[in-house]
There are 2 protein chains.
Amino acid sequence: MSKPDLLIHTAFKLFYEHGIHAVGINTILSETGVAKKTLYRHFGSKEALVEAVLIYRDQIFMDWLTSRMLAAGEGKVAILALFDALDDWFHDRVDVLLPFKGCFFIKANGEFSNHAVNALCQKHKQNITSFIQANLIDCSSELSVAELAQSISVLKEGAISQAYVAGDLDAAKRAKAMAVTLLD
Amino acid sequence: MSKPDLLIHTAFKLFYEHGIHAVGINTILSETGVAKKTLYRHFGSKEALVEAVLIYRDQIFMDWLTSRMLAAGEGKVAILALFDALDDWFHDRVDVLLPFKGCFFIKANGEFSNHAVNALCQKHKQNITSFIQANLIDCSSELSVAELAQSISVLKEGAISQAYVAGDLDAAKRAKAMAVTLLD
DNA sequence: TTACAGGTAAACCGATCTGTCTACTTCATG
DNA sequence: CATGAAGTAGACAGATCGGTTTACCTGTAA
């Protein structure tokens, strides 16, 4: 693995577990064994590294989620596969996402205000909602697909928060059941 | 307002907006005009202040939410009032909660790991779910009231996150609609 | 009046933070 | 062989962090 990739991967792991402000540059350096000058050559600042980590996680998560949904099929089937995927995530059956510790973007968003980080987090959420919406175009419903996609997103966000903060690891199953009735 | 209350109130405002680790003790002191020694007489450490702030916010939030639900009535009516209350919160129509910046407990929980803060955040969420459950005891449903309360909690958590991170301020209305069908 | 609790102001401490700098090494490529 | 990019190691700088300490002030109650 290249030095930048190693730094991003390790930084994510530490940020995800302990929070961004709680993890210093020196911790990332000692964890990776990379020299400080190397880090600052590739990333001009800690903030630049944080943004790279957000982009990295967005790619990992979106690739995983979209492949899970596409593998299941189209339309309603794909939406239900989303909640099955979440259930696997909550129960640590998805190696590529690392052990479940909530949504990294919700956490990161909460540590900043009026910052580039917030924009990246919002964009990540919009990307997911857009993909959900794309899977709903041929779904029969009296609601507009845009609003339906946002309702599905509410269920998805609720499952993640409920699973993490309250420790309700079966939250995705509950969300799925509500999604079923919503899509009928 | 007493010095401890002033410190807690100001600390909450700053923590809520910028995050806990991002706000230093000195910022709270200069904002309040209180001497550092006074802060450390009442709170032995920053961590103690943080815990006091969490307890403070828990009381404010629970008092507001329970009064809104009790004022509406009992059973299903109270549950629907919960989502109307959230809608008011998201649109900054609730002075006592300060301008909406997401759920303080989700944010705080994300900044710590295996810490007293996490336990307090989880307890806050459990308190709300328990109160929801208490309003469901006479609700006709094939589901157990405990699981039904957790499903309602998923909708509530989802509305908050969706409103804050994605900026979907009407998320409470969507959650309410799903709650209606869930309770039928 | 005296004693004391609660408060301010500000210096101070050691630790840690992000970020820079110098000196040396390694290695691939022209 | 020479050159230059990419790397390590680690000292260093300046700021800020949480927290302690000293000196002084103020109001209240015995």
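Quick note: numbers below take in every heavy atom, side chains included, and nothing from hydrogens, waters or symmetry partners. Since the structure is predicted, the reported quantities are computational estimates derived from the model, not experimental observations. Per chain, numbering begins at 1; letters A, B, ... match sequence-line order.
- Ranking dG7(D), dG7(C), dG18(D) by closeness to the Arg41(A) side chain, first place goes to dG7(D).
- Rounded to whole Å, atom C1' of dG19(D) lies 14 Å from atom CD1 of Ile28(B).
- The phosphate of dG7(C) has OP1 or OP2 within less than 4.0 Å of a side-chain N or O from His42(B).
- Between His21(B) and Phe15(B), the distance separating the two ring centers is not shorter than 6.0 angstrom.
- Atom pair Ile25(A):CD1 and dG10(D):P shows a separation of 19 Å (rounding to whole Å applied).
- The separation between Phe43(A) atom CZ and dT18(C) atom C1' is 16 Å, rounded to whole Å.
- Leu29(B) places its CG atom 14 Å from the C1' atom of dT16(D), with the value rounded to the nearest Å.
- Between the NZ atom of Lys46(B) and the P atom of dT20(D) there is a distance of 15 Å, rounded to whole Å.
- Salt-bridge annotation for Asp87(B) and Arg93(B): present, with a side-chain N of the basic residue lying under 4.0 Å from a carboxylate O of the acidic one.
- The side chain of Thr38(B) lies closest to dT8(C) when the candidates are dT8(C), dG19(C), dA9(D).
- Spacing between atom CG of Leu39(A) and atom P of dT8(D) amounts to 10 Å, rounded to whole angstrom units.
- Taking the six-membered ring where tryptophan is involved, the planes of Phe12(A) and Phe104(A) are perpendicular, since the angle between them exceeds 60° and thus also 30°.
- Rounded to an integer number of Å, the gap from NZ of Lys37(B) to C1' of dG18(D) is 16 Å.
- Residue His21(A) has no polar side-chain atom (N or O) positioned under 4.0 Å from OP1 or OP2 of dC17(C).
- A side-chain donor-acceptor contact under 3.5 Å links Tyr16(A) to the backbone of Lys101(A).
- Of the candidates dG19(D), dG19(C), dT8(C), dT8(C) carries the atom nearest the Ala35(B) side chain, counting heavy atoms from C-beta on.
- Among dG19(D), dG19(C), dA9(C), the nucleotide with an atom closest to any side-chain atom of Tyr40(B) is dG19(D).
- Ion pairing between Asp184(B) and Lys76(B) holds under the 4.0 Å rule for side-chain N and carboxylate O.
- Put simply, Asn26(B) has a side-chain N or O that comes within less than 4.0 Å of OP1 or OP2 on dC17(D).
- The side chain of Lys36(B) approaches dT20(D) more closely than any other nucleotide in the set dT18(C), dT20(D), dG7(C).
- Minimum atom distance to the side chain of Lys3(A) is reached by dT8(D), of the listed dT8(D), dG19(C), dT8(C).
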